[in-house]
Engineer: 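Sharing a structure here in structure tokens format.
Please read these numbers as outputs of a predicted model, since none were measured by experiment. Computed from heavy atoms alone, side chains included, the values below leave out hydrogens, waters and symmetry copies. Note that ligands are numbered from 1 as they come in the structure, with each ligand's atoms numbered from 1 the same way.
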Amino acid sequence: MARVSNKVALVTGGAKGIGEACALLLAKEGAKLVVSDLDIAAGEKVVKAIKAAGGEAIFIQQDVTDEASWPKAIAATVERFGALHVLVNNAGIAIPGSAVDATLADWRKTMAVNLDAVFLGTKYAIPAMTGTVGSGGGSIINISSIEGIVADPNLAAYNASKGGVRIFTKSAALHCAKNGLKIRVNSVHPGYIWTPMVEDFLNSIGDVSEGRAGLDSLHPIGHVGEVMDVAYGVLYLASDESKFVTGSELVIDGGYTAQ
Ligand code: NAP
């Protein structure tokens, strides 16, 4: 029995990196997928891969910072698959900068993608999920970071946005639980995971292979993570196996924050 069969999942930033891995794994485990991203070509490729493996999926081009895009994305999901059970708020960006060096424009852009969009996705998904009778409840999974728990002097805006995701998730979880909505809301906190985001980040500050060795050494387990390490955590939170889990922080970091 597949772990999320009969569920419909929307994954933002689903064209690349962690989002792509989540979309592919959820589909492999039986979910019908809506892949949302800015990047049409990469998003369509993920949909093609899901279909080639026998799954069902559609692509929606969406800028998650645009409030008007959310009712449209959710309506398209319900129109195509009849319901929305799982939302993975994954799209995110990282712009380096300290509390002094970061520009207000970078700060606002980071907040818009990493925090405003998580709020918007949650705000519009809850009413849509509340209407899904017999689904076993909804699950909203917000991708935060270790950087939402511990700080980095050169990631001021990113830290603030991911810390915001962490506590916003708990507020939304309490709202759903106390109103008997049968919707769980949890955050996921990956350590460094090898994705285009991390590669681009290392490129912007110097040599990539040297940078990767440096990042490896930050994790007690000895290396950075892989996208599937996060996808398996997301799969657990999406499935009914986690039916008693809400308002929690799933840390997937090779021991980074245990130190
Ligand atoms: P990634 O490789 O850069 O992929 C992110 C995807 O989100 C890209 O396809 C990107 O599209 C899309 N995106 C960016 N802005 C968007 C917007 N406004 N609307 C819709 N889609 C948008 O990133 P990743 O490393 O997989 O990270 C995914 C999530 O995990 C992020 O929230 C990140 O903060 C978090 N995270 C990552 C790590 C890590 O080490 N990789 C660690 C902890 C947490 P374009 O490429 O076209 O912009």
Engineer: How about CD on Gln259, more than 12 heavy atoms from neighbouring residues, nucleotides or ligands closer than 6.0 Å, or not?
Structural biologist: yes
Engineer: Closest non-hydrogen protein atom to atom 3 (O) of ligand 1, residue and atom name please, with distance?
Structural biologist: Met197 CB, 3.4 Å
Engineer: Should the heavy atoms of other residues, nucleotides or ligands under 6.0 Å from CD of Glu226 be counted, would the total exceed 12?
Structural biologist: no
Engineer: As an exercise, state the distance from CG of Asn154 to CZ of Phe201, rounded to the nearest 0.5 Å.
Structural biologist: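 Here the rounded value is 6.0 Å.
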Engineer: Roughly how far, to the nearest 0.5 Å, is the CD1 atom of Ile252 from the CD1 atom of Ile18?
Structural biologist: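 CD1 of Ile252 is found 9.0 Å from CD1 of Ile18.
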Engineer: Can you find an N or O of Asn114 that's nearer than 3.5 Å to an N or O of ligand 1?
Structural biologist: no
Engineer: What do you reckon, does Val64 have a nitrogen or oxygen under 3.5 Å from a nitrogen or oxygen of ligand 1?
Structural biologist: yes
Engineer: Stepwise, does the side chain to side chain contact (heavy atoms under 4.5 Å, CB included) test hold for Val245 with Leu237?
Structural biologist: CA-CA 8 Å; Val245 181; Leu237 291 173; 4.0 Å; yes
Engineer: Could you check whether any heavy atom of Gly191 sits closer than 4.0 Å to an atom of ligand 1, since that is the contact criterion I want to use?
Structural biologist: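 In this structure, Gly191 qualifies as a contact of ligand 1 - some heavy atom is under 4.0 Å.
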Engineer: State, without any angle test, whether Asn159 and Ser161 hold a side-chain donor-acceptor pair at a distance under 3.5 Å.
Structural biologist: no
Engineer: Against heavy atoms of Val198, which atoms of ligand 1 measure under 4.0 Å?
Structural biologist: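 Once the distances to Val198 are compared, the set is 39 (C), 40 (O), 41 (N).
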Engineer: Suppose I only count heavy atoms of Asp39 and a 4.0 Å limit; which atoms of ligand 1 are within that range?
Structural biologist: 47 (O)
Engineer: Which protein heavy atom lies closest to atom 45 (P) of ligand 1, and at what distance to 0.1 Å?
Structural biologist: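 Here the nearest protein heavy atom works out to Lys16 NZ, 3.3 Å.
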Engineer: Can you find an N/O atom of Ile18 closer than 3.5 Å to an N/O atom of ligand 1?
Structural biologist: yes
Engineer: Do Val251 and Val230 sit in the same hydrophobic cluster, where Ile, Leu, Val, Met, Phe, Trp and Tyr count as joined when their side-chain heavy atoms come under 4.5 Å apart?
Structural biologist: no
Engineer: When you measure from the heavy atoms of Gly43 to every atom of ligand 1, does any distance fall below 4.0 Å?
Structural biologist: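 The answer is no, since Gly43 has no heavy atom less than 4.0 Å from ligand 1.
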Engineer: Among all protein heavy atoms, pick the one closest to atom 13 (N) of ligand 1 and tell me residue, atom and distance.
Structural biologist: Ala91 CB, 4.1 Å
Engineer: Between Gln62 and Ser69, is there a side-chain donor-acceptor contact under 3.5 Å, judged purely by atom types and distance?
Structural biologist: yes
Engineer: Mind checking whether Ser145 has an N or O less than 3.5 Å away from an N or O of ligand 1?
Structural biologist: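 In this structure, Ser145 places no N or O atom under 3.5 Å from an N or O of ligand 1.
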Engineer: Does ligand 1 come near enough to Ile193 that some N or O of the ligand is less than 3.5 Å from an N or O of the residue?
Structural biologist: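 Checking ligand 1 against Ile193, an N or O pair does fall under 3.5 Å apart.
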Engineer: May I have the step-by-step check of salt bridge (Lys or Arg N to Asp or Glu O under 4.0 Å) for Asp240 and Lys7, ending in yes or no?
Structural biologist: CA-CA 10 Å; Asp240 294 341; Lys7 291 191 189 288; 2.8 Å; yes
Engineer: Of all the atoms in ligand 1, which lie at a distance below 4.0 Å from a heavy atom belonging to Pro196?
Structural biologist: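 Near Pro196, the atoms of ligand 1 are 2 (O).
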Engineer: Rounded at 0.5 Å granularity, tell me how far CZ in Arg212 sits from OH in Tyr192.
Structural biologist: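 So the gap between those two atoms works out to 13.5 Å.
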Engineer: Could you walk me through whether Lys170 and Glu249 pass the salt bridge (Lys or Arg N to Asp or Glu O under 4.0 Å) check?
Structural biologist: CA-CA 9 Å; Lys170 295 181 196 303; Glu249 302 164 31; 2.8 Å; yes
Engineer: Quick one: which of Val224, Val113, Thr195, Val35 has a heavy atom closest to atom 25 (O) of ligand 1?
Structural biologist: Thr195
Engineer: Evaluate the side chain to side chain contact (heavy atoms under 4.5 Å, CB included) criterion for residues Ser144 and His189: first the C-alpha distance (whole Å), next the side-chain angles of each, then the deciding distance (0.1 Å), finally the verdict.
Structural biologist: CA-CA 5 Å; Ser144 175; His189 301 260; 3.3 Å; yes
Engineer: So if I count the atoms of ligand 1 from 1 in the order they appear, which ones are less than 4.0 Å from some heavy atom of Gly92?
Structural biologist: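 Result: 31 (C), 32 (O).
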Engineer: Asp63 versus ligand 1: do any nitrogen or oxygen atoms come within less than 3.5 Å of each other?
Structural biologist: yes
Engineer: Do Tyr192 and ligand 1 have an N or O pair less than 3.5 Å apart?
Structural biologist: no
Engineer: Considering the heavy atoms of Gly13, write down every atom of ligand 1 situated less than 4.0 Å from one of them.
Structural biologist: 6 (C), 7 (O), 12 (C)
Engineer: Is it the case that over 12 heavy atoms from other parts of the model lie below 6.0 angstrom from the CG atom of Asn6?
Structural biologist: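 No, the 6.0 Å shell around CG holds no more than 12 heavy atoms from other groups.
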Engineer: Any chance you could measure Asn186, atom CG, to Ile140, atom CD1, to the nearest 0.5 Å?
Structural biologist: 10.0 Å
Engineer: Can a non-hydrogen atom of Lys162 be found less than 4.0 Å from any atom of ligand 1?
Structural biologist: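 Lys162: in contact with ligand 1 (<4.0 Å).
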Engineer: Any idea which atoms of ligand 1 are less than 4.0 Å away from a heavy-atom of Gln62?
Structural biologist: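 Within the 4.0 Å cut-off of Gln62, ligand 1 contributes 19 (N), 20 (C).
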Engineer: Would you please determine whether Trp194 falls within less than 4.0 Å of ligand 1 on a heavy-atom basis?
Structural biologist: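 Under 4.0 Å: no for Trp194.
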Engineer: Under 4.0 Å from a heavy atom of Asn90: which atoms of ligand 1 are those, numbered in the order shown and with their elements?
Structural biologist: 28 (C), 29 (C), 30 (O), 31 (C), 32 (O)
Engineer: Using heavy atoms and a threshold below 4.0 Å, how should the contact between Ala117 and ligand 1 be classified: side chain, backbone, both, or neither?
Structural biologist: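 Under 4.0 Å from ligand 1, Ala117 contributes no heavy atoms.
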